Enquirer: 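Here it is: the structure, laid out below.
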Amino acid sequence: EVLAGNARGAVATEIVGKIKERFRYLKTLVNGLLEYAKETELEFLIHPVKPMVTEALGLAKANARDRVGDVPASETVVIPEDLELEACRPRIIQALTNILSNGFEALEGMGATAVLEITATTSGADRLILKIHDNGCGMDPSQVENAKKRFRSLKKERGGIGLGLPLALKVIEREHGGRLGIESELGTGTTVIVELPLTREPRG
């Protein structure tokens, strides 16, 4: 009877654990959907680029730690101190956090060989080019395409809902008039290229 009771207790604990896990997933899904669908009046101001990237980097590390534990990547950030961007700061930070979170998670298990590089330059006088490179697991062409689509998460077993990159696309392309590109090779790594206008076009 004791053994049977212990077995029933173990089963009950497992069921409760699965219910809690499902609840967390649904909560994340609802919050993600609300964030993706949100249409708010955005405030565009001139901001230095480096502090925004630094803040997003810290948030991304915290997100990755929650999902896969500490990722001891060698981080390189090369951004001119005087580089500025006219943007909605909270939204750009959110988009970069989502991209960088993916980068950290792609480096899981690589230990001291993990590398994450962030560089920013200008193209001409009016475009910002921000590159985020990791030497992690990489993706094949179909995975790259799926990563851009809603609800096509490659990390569903970790609670991924497939809205991180689509939200980043929305922020960068629809809200800020930029472009987001992904270059990736399976087993080699990924480079995300974010191109943004340094200033908004004057309104007529």
Side-chain angles (χ1 to χ4, degrees), residues 35-36 39-61 63-64 73-107 114-150 163-186 188-204:
E35 193 60 48
Y36 185 86
E39 298 291 346
T40 58
E41 188 68 28
L42 305 180
E43 183 181 29
F44 286 80
L45 297 170
I46 302 292
H47 299 283
V49 173
K50 192 169 184 178
M52 290 193 289
V53 172
T54 301
E55 184 172 342
L57 187 62
L59 292 169
K61 279 196 279 192
N63 288 348
S74 171
E75 300 165 19
T76 303
V77 179
V78 181
I79 300 174
E81 298 288 345
D82 60 349
L83 183 56
E84 294 182 325
L85 174 72
E86 186 176 4
C88 177
R89 190 176 191 275
R91 297 293 280 175
I92 286 293
I93 289 175
Q94 184 173 36
L96 295 178
T97 298
N98 291 356
I99 295 167
L100 287 163
S101 295
N102 288 343
F104 276 114
E105 290 182 34
L107 295 169
V115 172
L116 185 72
E117 299 171 337
I118 307 169
T119 60
T121 58
T122 55
S123 175
D126 61 350
R127 306 293 286 183
L128 167 70
I129 307 296
L130 182 70
K131 293 185 179 182
I132 299 169
H133 171 74
D134 69 74
N135 66 336
C137 57
M139 296 179 285
D140 62 32
S142 65
Q143 288 175 317
V144 170
E145 194 58 35
N146 281 333
K148 297 177 182 179
K149 298 175 181 176
R150 288 175 292 171
L163 285 176
L165 194 58
L167 179 57
L169 276 164
K170 177 186 176 184
V171 171
I172 290 164
E173 297 189 349
R174 284 170 47 188
E175 296 178 359
H176 286 75
R179 288 188 293 182
L180 188 152
I182 302 174
E183 297 174 357
S184 190
E185 186 175 341
L186 199 60
T188 300
T190 299
T191 301
V192 177
I193 304 164
V194 176
E195 182 179 340
L196 289 163
L198 291 171
T199 58
R200 303 190 76 199
E201 293 181 6
R203 296 176 181 176

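Everything numeric here is computed off the predicted structure, so don't read it as measured data.
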Enquirer: So which of K131, H133, E117 actually passes side chain to side chain donor-acceptor pair (under 3.5 Å) with T191?
Expert: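 One option only clears the test, and that one is H133.
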Enquirer: If you compare all heavy atoms of P166 against all heavy atoms of A147, which two are closest, and at what distance to 0.1 Å?
Expert: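 Shortest heavy-atom separation between P166 and A147 comes out as CD-O, 3.7 Å.
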Enquirer: Quick one: CG on D82 to NZ on K50, what's the gap to the nearest 0.5 Å?
Expert: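 Separation between the atoms: 11.0 Å.
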Enquirer: If you compare all heavy atoms of V144 against all heavy atoms of S184, which two are closest, and at what distance to 0.1 Å?
Expert: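 What the structure gives for the nearest pair is CG2-CB, 3.9 Å.
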Enquirer: Answer yes or no: is there a donor N or O on one side and an acceptor on the other, between the side chain of E86 and the main chain of R200, under 3.5 Å?
Expert: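 Pair found, side chain donor or acceptor close to backbone of R200.
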Enquirer: Any heavy-atom pair between the side chains of V171 and I92 that's under 4.5 Å?
Expert: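 A side-chain contact under 4.5 Å exists here.
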Enquirer: Taking the side chain as every heavy atom from C-beta outward, state whether I99 and L165 have any atom pair closer than 4.5 Å.
Expert: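 Side chain of I99 against side chain of L165, heavy atoms only: contact under 4.5 Å found.
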Enquirer: Side chains of L83 and L198: does their closest heavy-atom pair fall under 4.5 Å?
Expert: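 Answer yes - side chains close enough.
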Enquirer: Is Q143 reaching over with its side chain to a backbone N or O of D140, donor-acceptor style, under 3.5 angstrom?
Expert: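 Yes, because the side chain of Q143 sits within donor-acceptor range (under 3.5 Å) of the backbone of D140.
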Enquirer: Give, for atom CZ of R89 and atom CE of M52, the distance between the pair rounded to the nearest 0.5 Å.
Expert: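 Taking CZ in R89 and CE in M52, the distance rounds to 7.0 Å.
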Enquirer: Rounded at 0.5 Å granularity, tell me how far OG in S74 sits from CG in L116.
Expert: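 If I round to the nearest 0.5 Å, the distance is 9.0 Å.
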Enquirer: Nearest 0.5 Å please: distance from the CD1 atom of I193 over to the CD1 atom of I129.
Expert: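 I193 atom CD1 to I129 atom CD1 measures 8.0 Å (nearest 0.5 Å).
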Enquirer: Where is the tightest heavy-atom contact between D134 and G103, given as atom of each residue plus distance?
Expert: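 Smallest heavy-atom distance, with atoms named: OD2-CA, 3.7 Å.
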Enquirer: Looking at every heavy atom in both L42 and E175, which two are closest together, and how far apart are they?
Expert: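 What the structure gives for the nearest pair is CD1-OE1, 3.5 Å.
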Enquirer: Can E195 and R127 be counted as an ion pair, charged N to O under 4.0 angstrom?
Expert: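 Here E195 pairs with R127 in a salt bridge, since their nearest N and O are under 4.0 Å apart.
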Enquirer: Flag the pair T121 / T119 as yes when at least one side-chain heavy-atom distance between them is below 4.5 Å, and no otherwise.
Expert: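 When only atoms from C-beta onward are counted, T119 and T121 do not touch, as no gap falls below 4.5 Å.
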Enquirer: Looking at CD of E145 and CD1 of I182, how far apart are the two atoms once the value is rounded to the nearest 0.5 Å?
Expert: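 Nearest 0.5 Å value for the CD-CD1 distance: 9.0 Å.
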Enquirer: Can you name the nearest heavy-atom pair linking L96 to I132, along with the distance?
Expert: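 Reported closest heavy-atom pair: CD2-CD1, 4.4 Å.
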Enquirer: Does any part of the side chain of N63, heavy atoms only, come nearer than 4.5 Å to the side chain of L100, both counted from C-beta?
Expert: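 Of all side-chain heavy-atom pairs linking N63 with L100, none is under 4.5 Å.
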Enquirer: Measuring from K148:NZ to L169:CG, what's the distance to the nearest 0.5 Å?
Expert: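 Here the rounded value is 7.0 Å.
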Enquirer: If you look at every heavy atom in A64 and F104, which pair is closest and at what distance?
Expert: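 Scanning both residues completely, I find the closest heavy atoms to be CB-CB, 3.6 Å.
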Enquirer: For G138, does its backbone N or O pair with a side-chain atom of E185 as donor and acceptor, under 3.5 Å?
Expert: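 Pair absent, no side-chain N/O of E185 close to backbone of G138.
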Enquirer: Does the side chain of L107 come within less than 4.5 Å of N135's, by heavy atoms?
Expert: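 Heavy-atom side-chain distance check passes, below 4.5 Å.
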Enquirer: Taking C-beta and beyond as the side chain, do H176 and C88 meet within less than 4.5 Å on heavy atoms?
Expert: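 In short, these two side chains touch, coming nearer than 4.5 Å.
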